[in-house]
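All remarks here apply to the structure that follows.
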2 protein chains.
Amino acid sequence: MIEEENLEMLSDFYRTMGDLTRLRILDLLRRERMCVYKIAMELNMTQSAISHQLQYLRQMDFVRTEKIGKQVFYELADDHIEKMILLGYEHIKEAHNDPKN
Amino acid sequence: MIEEENLEMLSDFYRTMGDLTRLRILDLLRRERMCVYKIAMELNMTQSAISHQLQYLRQMDFVRTEKIGKQVFYELADDHIEKMILLGYEHIKEAHNDPKN
DNA sequence: TGAATATATGAACAAACGATCATATATAAG
DNA sequence: CTTATATATGATCGTTTGTTCATATATTCA
């Protein structure tokens, strides 16, 4: 049994990855660090929508930033993030091949 | 880069764990299989609220059921679920000790 | 069969969420 | 200094989500 406080942090953590736009952003950043407008271009979404989600991801410590001139580059905050994405990915692929257990 | 279709499945998967009530239920079921009213008791929530979330978890293949008499016992659908919970748990514990990378 | 118990489910409602729009801030370029 | 570019942010709005309430279904027991 996981302590209540940690369960709350855990659900916050998973909820952050439980949105397609945010997951798309994180998946992009696995490839390379990227500035805001480039992310928006790649995902074909408005700068504002992306910027809002990036603030969310930053508050949740999923990404970190480096400002260079006018641009702000975003990158994954640490290796765990990519690891969690890939583990979930492995899971759904297995689950799909192997419907029950 | 993960294919769009799989990213969608992945965000659905994480969104399922991104709710405190559902995560509490899953964490309970790690311990033992349990019938609905017992889950409701343990979590101090109404039978209806629990039942709705259990249907959700069932549709997402997080749990499976066995009906015995009047009772319906729920258990984790497979080992991956517990693994994913524990991995997330490890992650947040590390992240907390080790704020930046 | 009728009452009691366990679970499921549909409708309703409030709260949370995500995108958009308008605009603010900051830096660079002319 | 003014304009253009990149990003951030607050307000708004429609949608989704989670709980509640009322009720339906199913099974056991008297």
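Under a 3.5 Å cut-off, the side chain of B/R33 and the backbone N or O of B/F73 do not form any donor-acceptor pair.
Mapping A/K67 and B/F73 onto DNA chain C by nearest heavy atom places B/F73 at the nucleotide closer to the 5' end.
Taken to the nearest 0.5 Å, the CD1 atom of A/I2 stands 7.5 Å off from the CD1 atom of B/I92. Atom CD1 in A/I25 sits 11.0 Å away from atom CG in A/L76 (nearest 0.5 Å).
Taking the six-membered ring for Trp and the full ring otherwise, the centers of B/Y14 and A/F13 sit at least 6.0 Å from each other.
When all heavy atoms are compared, the tightest approach of B/L86 to B/R30 is CD2-NH2, 3.7 Å.
Looking at heavy atoms from C-beta onward, B/E66 lies out of side-chain contact with B/V72 at the 4.5 angstrom threshold. Contact check for B/L57 versus B/M60: no side-chain heavy atoms found under the 4.5 Å cut-off. Side-chain contact between A/R22 and A/Y56: present, with at least one pair of heavy atoms (C-beta onward) separated by less than 4.5 Å. When side chains are defined from C-beta on, A/M9 does not count as touching B/Y89, because their heavy atoms never get closer than 4.5 Å.
Using a 4.0 Å cutoff on non-hydrogen atoms, the parts of residues 15-27 of chain B near DNA chain D are B/R15, B/D19, B/T21, B/R22, ordered by number. Contacts between residues 44-58 of chain B and DNA chain C, counted as heavy-atom distances below 4.0 Å, involve B/Q47, B/S48, B/S51, B/H52, B/Q55.
The aromatic rings of B/H91 and A/H80 sit perpendicular to each other, their planes meeting at more than 60°, with 30° as the lower class boundary.
Put simply, OH on B/Y37 is 12 Å from P on C/dT5, counting in whole angstrom units. The interatomic distance linking B/Q71 (CD) with C/dT5 (C1') rounds to 10 Å, in whole Å.
Within the nucleic acid shown, A/Y74 comes within 4.0 Å of sugar-phosphate atoms alone, with no base atom in reach, counting heavy atoms only.
Nucleotides of DNA chain D with any atom under 4.0 Å from a heavy atom of chain B span, from 5' to 3', D/dT17 to D/dT28.
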